[in-house]
Amino acid sequence: LEGHARGTLGLTVSMDGRRIVSGAKDGKVIIWDTDTKNIIRCLSHHTNWAICIQFSPDEKRLASTSSDGTLKIWDAETWDLVFDIDDHQGSVGTVAYSPNGTKFASGSADRTVRIWNATTGKQQTQPLIHDSTVYSVVWSLDGRCLISGCSDGQIYFWSAPTGAQLGSPLRAHLDCINLLAISPDGELIASASADNTARLW
């Protein structure tokens with residue numbers, strides 16, 4: 001699939017396998033038809049790297065984050081811009097929808113995670129403060145806990161309804177945590193780090 005002018009950073013695939021969405025260093029978000037390999041739409045609203053791409057659980061919306069400091073929410077049928085969120089004070093590197101799709105969370109180089117109402121685009125809680133850049137966020141299966149991984153190797157746990165921190169951060173790695181994932185049964189968390197390890201918790 002050729003369409004980006006610079007390296008690809010973010011990627012997601014629709015559940016039916018018919019659409020691929022990519023984000024790249026050229027700032028573009030491109031939607032591809034997997035059957036024809038043709039471009040369905042090219043979204044050029046970001047002014048810097050398009051880093052993280054994710055569909056909402058019902059796939060009616062698409063979220064994209066960027067090093068331009070914005071988080072954008074798109075209508076996944078018309079590809080109109082629904083929300084253009086610029087509350088973060090630094091690059092926005094990660095976004096994740098809650099399992100029921102009513103909220104989404106974003107993590108940033110401004111050392112915060114912010115929780116948003118998916119219907120209104122408004123913040124649900126005060127910013128969740130970290131000691132370093134947030135690179136990855138995942139939700140618990142019941143949507144009540146938000147888990148964040150940071151550049152200092154720590155994993156944080158938060159109450160999604162209140163924004164309160166749950167316990168102390170887990171000193172999980174010796175270097176930046178690039179990615180978190182949660183198992184289908186919700187019992188395990190996986191973390192991948194620049195310290196050359198992946199770990200299960």
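Residue numbers run from 1 in the order of the sequence given.
Proximity of a side-chain donor or acceptor of W79 to a complementary backbone N or O of L43 within less than 3.5 Å is not detected. Judged by distance alone, the side chain of S132 and the main-chain N or O of D152 form a donor-acceptor pair under 3.5 Å. In terms of modelled atom types and a separation under 3.5 Å, the side chain of D195 and the main chain of H173 share no donor-acceptor contact. For T65 (side chain) and V95 (main-chain N/O), no donor-acceptor pair under 3.5 Å exists by modelled atom type. At least one donor-acceptor pair under 3.5 Å links the side chain of S14 to the backbone N or O of R19. Here the side chain of S98 pairs a donor or acceptor atom with the backbone of K103 at under 3.5 angstrom. Looking at Q165, its side chain does come within 3.5 Å of a backbone N or O of G167 through a donor-acceptor pair. Formation of a donor-acceptor pair under 3.5 Å by the S108 side chain with backbone atoms of S91 is found in this model. Not one N or O on the side chain of S193 forms a donor-acceptor pair closer than 3.5 Å with the backbone of T197. Judged by distance alone, with hydrogens and angles left aside, the side-chain atoms of S66 form a donor-acceptor pair with the main-chain N or O of W49 at under 3.5 Å.
Proximity of K37 to L1: side-chain heavy atoms (C-beta onward) are separated by under 4.5 Å at one or more points. Residues V134 and L128 have side chains not in contact (no heavy-atom distance under 4.5 Å, counting atoms from C-beta outward). A 4.5 Å side-chain heavy-atom check between I129 and T112 finds at least one atom pair inside the cut-off. Counting only heavy atoms from C-beta outward, the side chains of V92 and I85 never approach each other to under 4.5 Å. Using a 4.5 Å heavy-atom threshold, the side chains of S67 and I51 count as touching. Looking only at side-chain heavy atoms (C-beta outward), W74 and L81 come within less than 4.5 Å of each other.
One hydrophobic cluster, built from ILVMFWY side chains closer than 4.5 Å, holds both W201 and F157. If you chain together hydrophobic residues whose side chains sit under 4.5 Å apart, V13 and I40 never meet in one group. F83 and L71 fall within the same hydrophobic cluster, where Ile, Leu, Val, Met, Phe, Trp and Tyr residues are linked whenever their side-chain heavy atoms come under 4.5 Å apart, directly or through other members. Each of L141 and Y97 belongs to its own hydrophobic cluster when Ile, Leu, Val, Met, Phe, Trp and Tyr are linked at side-chain heavy-atom distances under 4.5 angstrom. L170 and I147 fall within the same hydrophobic cluster, where Ile, Leu, Val, Met, Phe, Trp and Tyr residues are linked whenever their side-chain heavy atoms come under 4.5 Å apart, directly or through other members.
At most 12 non-hydrogen atoms from other residues, nucleotides or ligands lie less than 6.0 angstrom from CZ of R18. Annotation for Q123: atom CD counts as buried by contact number, over 12 foreign heavy atoms lying within 6.0 Å.
Look at K72 and D68 and you find no salt bridge, because none of the NZ, NE, NH1 or NH2 atoms lies under 4.0 Å from a carboxylate O.
Between atom OH of residue Y156 and atom CD of residue Q154 there is a gap of 4.5 Å, rounded to the nearest 0.5 Å.
Checking N117, I115, I73 one by one against F104, the side chain to side chain contact (heavy atoms under 4.5 Å, CB included) holds for a single residue, I73. Between V138 and the options L146, L180, I155, a side chain to side chain contact (heavy atoms under 4.5 Å, CB included) holds for only L180.
Ring centroids of W158 and H130 are separated by less than 6.0 Å, placing the two rings close together.
Shortest non-hydrogen contact noted between A172 and I177 is CB-CD1, 4.3 Å.
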